[in-house]
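Everything below concerns the one structure shown next.
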Amino acid sequence: MLELLGLILPVFAVVAVGYLTVRFGVVPASIAPPLVQFVYHISLPALIFHIIAGDPIMAFLNWDFWITFGGGSLLVLVLVFLVGRSWLGGDLAHRAILAFAAVWINSGFIALPILHVLFGAKGVPPAAIANMINAAILFPVLAAILETTRVGEHGEKRAPWRLARNVVLSPMVWPTVLGIIFVVFAIPVPKPVEDFLVILGSALTPCALFAIGASIDFKEMLHDIRRIVVLSMVKLFALPAVVLGIGLALDMAPFYLIAATICAAVPTAKSVFFLANEYHVAEKSAAVMISATTVAAIVTMTIWLMVLAAIYPSVFHGDL
């Protein structure tokens, strides 16, 4: 357990440093958005492409992972949406934002850094697959729901090709696709380019975790607190429990089951807020959900990692 804590604590210590340095005025709060932009558009694509371009294509064809993580996410999404139909309040778009906030994972900023810290390069493909599931399944479904409500910036219906373009150009999607192309066609990556990508990619973990901490706002969490607490419990406990249960039922390979559960257990991604802001619906609730799950995940992720380490101790000791 002490060894596991030794892996976990540095991750959340960087988050804490980001929060404290902003709150005590060491650095301005305005540092978070530029860091997010750097990580999201530069460091993240560099790391993803570098790892995937050197990985066998079979790493992305793990159908048990697709079924376990994707199926678990859709199951919880449907249950939250249907069971909480009246409790979530608001119109269809409002309910959709809150329901998706309970299953949409922060794969790029938290799942990928944690898996990378725990398992090195082998931890990147599962995070990339989880993001592909988000981008290829969850994003289009949510976008379609929001489109039917016709609550765009000027009330107009948004062109489907723009939504498709945004998905394809996502900094976690295009480098994944490009990396797979390099693998399929056996295109070598020149050594100087590889070294360049390593330098950029190595900045992802500290910058992403620092930015997450710097953007936490405890005051905002008082907004709609009861609903947010319940949805946060669904996101941080129910979703990973469902994913773990499905993986165990499928007798999934231990490493990929651990990775799928960790991906499911991370906080809600900012992508939900971006869509909420784009369609002017439930923006405040989406922002609070992101902050609340990010803070709570410091405890809940530790719990899940301890549970997984107890079930599969050999995986955490390098036997992948």
Side-chain angles (χ1 to χ4, degrees), residues 1-18 39 43-44 46-48 50-52 54-56 59-60 62 64-65 68-69 72 105-134 172 176 198 201-213 235-237 239-241 243-244 247-248 252-269 293-320:
M1 182 170 295
L2 289 177
E3 183 179 350
L4 182 61
L5 285 174
L7 291 172
I8 300 170
L9 290 179
V11 172
F12 291 114
V14 178
V15 176
V17 169
V39 170
S43 186
L44 180 61
L47 178 63
I48 291 176
H50 172 246
I51 297 299
I52 291 178
D55 227 32
F60 301 93
N62 189 311
D64 281 351
F65 190 99
T68 299
F69 179 79
I105 70 163
N106 194 331
S107 53
F109 282 80
I110 298 186
L112 193 151
I114 288 177
L115 288 172
H116 193 246
V117 167
L118 292 174
F119 305 114
K122 192 174 180 66
V124 174
I129 297 173
N131 182 73
M132 290 166 67
I133 293 171
N134 267 5
M172 280 198 74
T176 299
V198 169
S202 63
L204 181 140
T205 298
C207 290
L209 296 177
F210 186 94
I212 288 290
K235 174 67 200 69
L236 300 175
F237 283 111
L239 178 59
V243 168
L244 178 61
L248 290 172
M252 191 175 178
F255 168 71
Y256 281 99
L257 179 52
I258 289 172
T261 305
I262 290 174
C263 285
V266 301
T268 303
T293 54
T294 299
V295 173
I298 296 174
V299 175
T300 60
M301 278 298 304
T302 303
I303 293 173
W304 276 113
L305 287 170
M306 288 181 175
V307 169
L308 293 169
I311 299 174
Y312 299 113
S314 62
V315 177
F316 285 86
H317 288 85
D319 184 9
L320 302 182

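Throughout, numbering of the chain's residues begins at 1 and tracks the sequence.
Counting only heavy atoms from C-beta outward, the side chains of H50 and V124 never approach each other to under 4.5 Å. Side-chain atoms of I133 and F69, non-hydrogen and from C-beta on, do get closer than 4.5 Å to each other. The shortest distance between side-chain heavy atoms of T261 and W304 falls below 4.5 Å. The side-chain heavy atoms of T268 and I105, taken from C-beta on, include no pair separated by under 4.5 Å. For the pair Y256/D64, no side-chain contact is recorded, criterion being any heavy-atom separation below 4.5 Å from C-beta on. When side chains are defined from C-beta on, L112 counts as touching L47, because their heavy atoms get closer than 4.5 Å.
Across all non-hydrogen atoms, the minimal contact from P126 to C263 is O-SG, 4.2 Å. Shortest non-hydrogen contact noted between P267 and A297 is CG-CB, 3.5 Å. Nearest heavy-atom pair across A260 and M252 is CB-CE, 4.4 Å. Closest heavy-atom contact between G201 and A46: N-CB, 4.2 Å.
L308 pairs in a side-chain contact (heavy atoms from CB on, under 4.5 Å) with only one of the listed residues (I258, L257, L118), which is I258.
Of the possible donor and acceptor atoms, none in the side chain of K122 sits under 3.5 Å from a partner among the backbone N and O of L115.
When ring centroids are compared, Y312 and F255 stay outside the 6.0 Å threshold.
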Checklist entry - Given the rule in the side-chain contact (heavy atoms from CB on, under 4.5 Å) test, do M301 and I110 qualify, once you have shown the distances and angles that lead to the verdict? => result CA-CA 11 Å; M301 278 298 304; I110 298 186; 5.7 Å; no
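Annotation: the span from N106 atom CG to T293 atom OG1 amounts to 8.0 Å, rounded to 0.5 Å.
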